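Quick notes on the structure that follows.
Computed from a prediction, not measured in an experiment: that's the story for all the values here. Below, read A as the first sequence line, B as the second, and so on, with proteins coming before strands; counting in each chain starts at 1.
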Number of protein chains: 2
Amino acid sequence: MARTAGSSGPRTEEAIRSAGLALIATHGYAAMSLRQLAAEVGIQQGSLYNYFRNKQEFLFDLIRTHMQDLHAALDAALAPEGGDPVERLTRFVEFHVAYHVERPQQVFICYSELRSLEPDNLAAVVAMRRDYERKLSDILDAGRAAGVFRLDDVRMATLAILAMLSGICTWYKPGGRLAKDAVREIFLGMVLALARGEVPAEAVEAAPPPALSRRNGVARAGAA
Amino acid sequence: MARTAGSSGPRTEEAIRSAGLALIATHGYAAMSLRQLAAEVGIQQGSLYNYFRNKQEFLFDLIRTHMQDLHAALDAALAPEGGDPVERLTRFVEFHVAYHVERPQQVFICYSELRSLEPDNLAAVVAMRRDYERKLSDILDAGRAAGVFRLDDVRMATLAILAMLSGICTWYKPGGRLAKDAVREIFLGMVLALARGEVPAEAVEAAPPPALSRRNGVARAGAA
DNA sequence: CCCGGAAAAAAACAGTCGATCGTATTTTGC
DNA sequence: GCAAAATACGATCGACTGTTTTTTTCCGGG
């Protein structure tokens, strides 16, 4: 036998990428064998080499493509240049959460498999990530300058917010207790609270806060 | 040749654990070969089997030991049962950050190599993690009941805080821009701000909803 | 209808993997 | 100083790894 009836290059390529994402997310890059991947796609292992030059290139391509998509999508979400820092942070968080919640596997790989990238490939991905982080840092900087955010250290806040948001894709499963929108709004509330930072580090010893009114729901988000 | 002059069981065991931690943290469990590990320790790879029955048992033992240490240390840090929720949360955060900052590699493995554990071992570790999370959740619950914390969803806040704090060990390096104490206090401030949650409703409404639909309320009702 | 290139099979390659085993030597307890 | 236990070597196993090459078949455009 040789070429299978009904075979199509683009279709096979998509199947390989899809199966590869799932396998790497589940077992990790090193633990995924090309024989496993080929079996999942329904082809022989040697045939994979019609679609990439080696295993490392396959991983890098998956990650690079995803990072590019992420950047493009973020730019689109932040496209209206205007807006005060609170609004821009809101857009950032809502975008980031929505994007992660819809692609838990893909995003997870980009954080967990950096160790599996060879030096040059790693450098390229890290640079893209720095750009992404910078976009958040810029918003936080602007907010601090405008006096709406109180942050002791913008760099740390950037890392904290991204870690907290990206953590979502380690536990979120469709059909869970909370819908995507609910997750998004709850995390938005927490990020905004963090950014407004009513409690600077020095105030740790201070007395408990004043009385507060009871609310339910994060953002009643009314259409008003 | 056979037994090496000056060889000592306990000493070798410690060297294996130490080298294993470093190798797994750097390259991952699947990517670490026992020949690599043995070379690092300075013995032949067959000799490793005097110290564990197989590779999986070695990984599990590393993780289980660290989880047990973590629990014991946390219990000690929270030992004085009293204290208001703010004080207890402060103790929790300061402990957690200090512990992570001092053992970045070890702690990192416990988060990143869960996928490499066989089902039974994974279940044991997940149970320990649940216990750890519960201790934070209890503090947040108490704080919400007392009215000092405003949190829409304690479970999500627990995950958010842990993700944010545990993220530290992915970037913290001794000798960096900030000292351990500085990192600890900055993150404490952010967590307290997040927990006290001054914000959401007004902030969200303040930002005019430009692109995305921010409509519909937050929670789709508990719905199992 | 037919042909060139695309797509996959099939077989093989040289290494490496985790794991086992018998053996030799050293350490330790008495 | 001696026997028993501990420790490590060194060779080896079969299975599996990523990758290459050759061959066969199918698809699409003329």
Side-chain angles (χ1 to χ4, degrees), chain A residues 1-21 23-24 26-63 109 113 115-121, chain B residues 1-21 23-24 26-63 109 113 115-121:
Chain A
M1 286 208 231
R3 181 168 183 172
T4 302
S7 63
S8 149
R11 186 149 24 92
T12 302
E13 176 165 15
E14 183 45 38
I16 292 174
R17 296 175 69 87
S18 164
L21 277 172
L23 282 175
I24 294 175
T26 307
H27 306 104
Y29 168 77
M32 174 197 74
S33 79
L34 295 184
R35 282 167 176 81
Q36 256 185 304
L37 176 58
E40 205 76 24
V41 176
I43 61 177
Q44 293 295 316
Q45 29 139 344
S47 304
L48 290 173
Y49 285 81
N50 290 325
Y51 299 93
F52 48 74
R53 281 187 302 128
N54 52 51
K55 193 185 178 188
Q56 168 75 198
E57 190 188 86
F58 177 58
L59 173 65
F60 179 54
D61 191 60
L62 282 181
I63 294 181
I109 291 176
E113 294 297 348
R115 62 159 64 152
S116 303
L117 290 173
E118 289 166 3
D120 286 354
N121 295 339
Chain B
M1 288 219 223
R3 180 166 184 172
T4 303
S7 62
S8 151
R11 184 151 23 93
T12 303
E13 177 166 13
E14 183 46 39
I16 292 174
R17 295 175 69 88
S18 164
L21 277 171
L23 282 175
I24 295 176
T26 308
H27 306 104
Y29 167 78
M32 174 197 73
S33 78
L34 295 184
R35 283 169 175 82
Q36 255 186 303
L37 176 58
E40 204 76 24
V41 176
I43 60 177
Q44 293 296 315
Q45 56 123 350
S47 306
L48 291 173
Y49 286 83
N50 289 325
Y51 299 92
F52 48 74
R53 280 187 304 128
N54 52 52
K55 194 184 177 188
Q56 167 76 201
E57 191 188 85
F58 176 58
L59 173 66
F60 179 54
D61 192 60
L62 281 181
I63 294 181
I109 291 178
E113 293 298 348
R115 63 159 63 150
S116 303
L117 289 173
E118 289 168 2
D120 286 355
N121 295 340

Got a sec, which residues hit side chain to side chain contact (heavy atoms under 4.5 Å, CB included) with A:A31, two or more places apart in sequence or on another chain? A:H27, B:A30
Distance check: side-chain N/O of A:S33 vs OP1/OP2 of D:dT17, anything under 4.0 Å? yes
A:L37 to A:L23 - nearest heavy-atom pair and separation: CA-CD1, 3.6 Å
Identify all pairs in which a protein N or O lies below 3.5 Å from an N or O of nucleotides 13-15 of chain D, and state each distance.
none

Using the salt bridge (Lys or Arg N to Asp or Glu O under 4.0 Å) criterion, which residues pair with A:R115? Sequence neighbours excluded. B:E113
Counting C-beta onward and ignoring hydrogens, is there a side-chain heavy-atom pair between B:Y51 and B:T12 closer than 4.5 Å? yes
Which nucleotide, D:dG18, D:dG10, C:dG18, lies nearest any side-chain atom of B:Q45? C:dG18
Is a donor-acceptor pair below 3.5 Å formed from side chain A:N50 to base C:dA8, judging by atom type as modelled? yes
Close side-chain approach of B:L34 and B:Y49, heavy atoms under 4.5 Å: yes
Integer-rounded Å distance: C:dA11 P and A:Y49 OH: 19 Å
Over how many whole Å does the gap from A:L23 atom CG to D:dG18 atom P extend? 12 Å
Can you tell me how far P of C:dA10 sits from CD of A:Q44, to the nearest Å? 6 Å
Using a strict heavy-atom distance below 4.0 Å, which residues from residues 52-61 of chain A are in contact with DNA chain C? none
For C:dA7 and A:S47 - does any side-chain N or O of the residue sit under 4.0 Å from the phosphate oxygens OP1/OP2? no
When you measure from the side-chain N and O atoms of A:T12 to the phosphate of C:dA8, is any distance below 4.0 Å, counting only OP1 and OP2? yes
Sequence neighbours left out, what passes side chain to side chain contact (heavy atoms under 4.5 Å, CB included) with A:S18? Give chain and number order. A:E14
Rounded to the nearest 0.5 Å, what separation is found between the CG atom of A:N54 and the CG atom of A:L48? 12.0 Å
Side-chain N or O of A:Y51 closer than 4.0 Å to phosphate OP1/OP2 of C:dA8: yes
B:F60: which residues meet the ring-ring contact (aromatic ring centres under 6.0 Å, His included) condition with it, sequence neighbours left out? none
Rounded to whole Å, the CZ-P distance (B:R11 to C:dT26) equals 15 Å
Would you find a donor on one side and an acceptor on the other, under 3.5 Å apart, between the side chain of B:Y29 and the backbone of B:Q56? yes
From CG of B:L37 over to P of C:dA19, roughly how many Å is that when rounded to an integer? 12 Å
Between A:E13 (CD) and C:dA6 (P), how many Å, whole number? 14 Å
Atom-pair distance (CD on B:Q36; P on C:dC17), nearest Å: 7 Å
